[in-house]
Amino acid sequence: MVKSFGRFLLFIQSMLTRKERFAVLWKRTIDECVTIGVNSIFIVSIVSAFIGAVTCVQIAYNLVNPLIPKSTIGFMVREMTILELAPTITSIVLAGKVGSSIAGGLGTMRITEQVSALEVMGINSASYLVLPRITASILMFPLLVILAMALSIIGGYLAGSLTGAVSAQEYIEGIRTDFVPYNIVFALIKSVVFAFLVSAISSFKGFFTDGGALEVGNASTTAVNNSIIAILVADFALAALLL
Amino acid sequence: MIEVHNVQKSFDGNQVLKGITCTFETGKCNLLLGGSGTGKSVLLQCIVGLMQPDLGSITFDGTVFTNNKVQIRQEIRRKIGMLFQGSALFDSMTVAQNVEFPLQMLTPEMSREERRDRVQFCLKRVGLENAGDKMPSEISGGMKKRVGIARAIAPNCTYLFCDEPNSGLDPLTSIKIDELIQEITYEYDITTVIVTHDMNSVVEIGDHIIFLYKGLKLWDGNKDEILNAQVPELKEFIFSSSLVRAAKRIDDESHTPA
Ligand SMILES: Nc1ncnc2c1ncn2[C@@H]1O[C@H](COP(=O)(O)OP(=O)(O)OP(=O)(O)O)[C@@H](O)[C@H]1O
Ligand SMILES: [Mg+2]
């Protein structure tokens, strides 16, 4: 455990020394932004809209006391999704999608000697392959989280008005009560940390795969497992530190 | 010329290379011959710098490579072209992009047109001028090897390394790949090192052959000398093929006076 954490740090360090030209890395980063960010929009949208909808319906179900105004439903949906559900659930979904594709992609490149081919050309393969993936994740995760926040609130709105659990007017009123802008900042800080964890852990697992196709599969699975655990631990740590 | 001096390498106490000293000559096809597991690939990886030898030194045309400064190692690496056993083409890029890649990375001063011309030239050299737009997954194993060769020679390499260029290919395609490597070696006067255990390649293109056995160099010479070598391990290796035995018999009979 300690040993592999040490290797992880060395890996991050090797990525930052002897970097390739900026133009090359920038172009790779843009490519990765497309695979990591744009290609995840669909799944993130679906997940967040449903999470918002379900949260709204369940809060309405639990809120039987007539003294509490219905607008509380909107308020609670906003608080829960912005602070916790949007950043954390989105990052867990992305750990599955992006983490496995990073680990699988790098693992395949390793076992088919594509990594060695880069090294023989005198290219720092860690910096060329991994740095753009981590940068792209750090750029794209927050954007996807903002999308998730918006869509889960809209999801709650639609669910509330369609089921009649809460009227559109009350929901919107709830959404606008006691808004704390710092919560959004906090959620974005979380998403950047999660982005780094998911992409770095998955890259590490994929990059040091050795063996055959079976090991590539294992690397993907471990990458997703470890990423999710890291997200949850970091989620708790950040909440304790920053709230 | 590449000089390898007393190179040793072990993995967790298992000594794979036990002090190998040999030279690879410029303008010739140098073959590293030996059975499975004798350390051919390990030696090759030590030479190109993918692995660090535990002991010994490797010198490229007088410049020491092992344990030298990063810039000097980098300088040498830029002159190395390598064909991998599984071709190792970048599978997210087309054939032409694969060949262009080392040019993009190593010679940023080249203009787009110059690069495109060079790619076209290299693809034509290996007989694949029409396959530039294909993806690596769409071409056959033999074609992949050709693309691998084109990618290796694109930046005008001075040293060409090939790890089993004809494993997994039919005899005819193997010979074509061997001939291509030989032609390129002579044409550009480069130092070529080929790892092989294929006797066909040996008698076809073996200008200088180094026989490895259990991490030691047991013999070196050329293709005309190898059939009469007196090293028992090498004899066993060569004559394990009945085709070679038959050829040798015919050869001997034609030489014995009636
Ligand atoms: N990275 C490594 N870690 C540990 N042992 C290794 C490693 N690479 C090679 N070996 C060992 O070194 C020995 C020689 O391997 P090598 O790949 O050089 O053989 P080879 O001569 O290329 O054989 P083949 O013709 O089958 O490719 C083998 O016993 C192998 O187990
Ligand atoms: Mg080998």
Side-chain angles (χ1 to χ4, degrees), chain A residues 3 10 13-14 16-36 39 101-133 136 206-213 215-216, chain B residues 11 41-42 44-52 65 69-93 97-109 136-137 144 147-149 151-155 157 159-164 193:
Chain A
K3 202 170 145 207
L10 284 178
Q13 190 207 352
S14 74
L16 296 173
T17 49
R18 205 159 62 76
K19 292 203 285 282
E20 292 307 316
R21 275 173 299 127
F22 178 75
V24 172
L25 289 181
W26 181 245
K27 190 175 165 297
R28 290 266 306 112
T29 306
I30 300 293
D31 289 346
E32 291 298 334
C33 281
V34 174
T35 28
I36 291 172
N39 295 349
S101 98
I102 289 180
L106 289 177
T108 308
M109 290 191 77
R110 166 68 72 186
I111 64 159
T112 56
E113 296 179 304
Q114 293 177 49
V115 175
S116 302
L118 287 171
E119 288 286 331
V120 169
M121 289 176 200
I123 295 166
N124 178 353
S125 56
S127 131
Y128 178 79
L129 293 173
V130 177
L131 196 56
R133 286 174 160 91
F207 197 74
F208 292 107
T209 308
D210 106 70
E215 281 78 9
V216 174
Chain B
F11 297 102
S41 298
V42 172
L44 199 64
Q45 294 194 34
C46 286
I47 297 174
V48 300
L50 288 173
M51 265 180 205
Q52 218 31 49
F65 182 59
K69 288 203 222 56
V70 174
Q71 286 98 318
I72 295 175
R73 287 169 65 90
Q74 209 68 350
E75 204 62 28
I76 295 175
R77 276 188 158 178
R78 287 180 185 224
K79 296 189 204 156
I80 293 178
M82 182 153 178
L83 171 64
F84 285 85
Q85 197 162 346
S87 301
L89 301 181
F90 302 119
D91 43 25
S92 58
M93 302 181 190
Q97 284 168 340
N98 262 285
V99 180
E100 194 183 355
F101 182 79
L103 299 175
Q104 252 169 351
M105 299 300 291
L106 304 181
T107 49
E109 65 278 5
S137 55
K144 281 185 191 154
V147 179
I149 295 175
R151 184 176 70 182
I153 63 169
C157 65
Y159 313 101
L160 178 62
F161 295 88
C162 306
D163 196 350
E164 302 192 13
V193 179

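Everything numeric here is computed off the predicted structure, so don't read it as measured data. The sequence lines fix the lettering, A, B, ..., with proteins before strands; numbering per chain opens at 1.
Within residues 71-79 of chain B, the residues that have a heavy atom under 4.5 Å from a heavy atom of chain A are B/Q74, B/R77, B/R78, listed by number.
Rounding to the nearest 0.5 Å gives a distance of 9.5 Å between CZ of A/R133 and OH of A/Y128. Note that OG of A/S125 and CE of A/M109 are 8.5 Å apart. Values are rounded to the nearest 0.5 Å. Atom CD of residue A/E119 and atom CD of residue A/Q114 lie 13.5 Å apart, to the nearest 0.5 angstrom. To the nearest 0.5 Å, the span separating CG on B/N98 from CZ on B/F90 amounts to 6.5 Å.
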Begin from the C-alpha positions of B/M105 and A/M121 and carry the test side-chain contact (heavy atoms from CB on, under 4.5 Å) through to its verdict.
CA-CA 9 Å; B/M105 299 300 291; A/M121 289 176 200; 5.7 Å; no
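If you measure heavy-atom distances from B/F161 to chain A, you find no contacts under 4.5 Å at all. Only the backbone of B/L89 has a heavy atom closer than 4.5 Å to any heavy atom of chain A. Heavy-atom distances place the backbone of A/T112, and not its side chain, under 4.5 Å from chain B. Within the 4.5 angstrom heavy-atom criterion, atoms from both the backbone and the side chain of A/V120 approach chain B.
Contact detail for A/G206 and A/R110: the closest heavy-atom pair is O-CB, 4.4 Å. Annotation for A/E113 and B/G86: closest pair OE1-N, 3.6 Å, computed over non-hydrogen atoms.
The most heavy-atom pairs under 4.5 Å with chain A, out of B/C157, B/P155, B/A88, B/S92, come from B/A88.
Evaluation of the salt bridge (Lys or Arg N to Asp or Glu O under 4.0 Å) rule for B/D91 yields no partner, not counting sequence neighbours.
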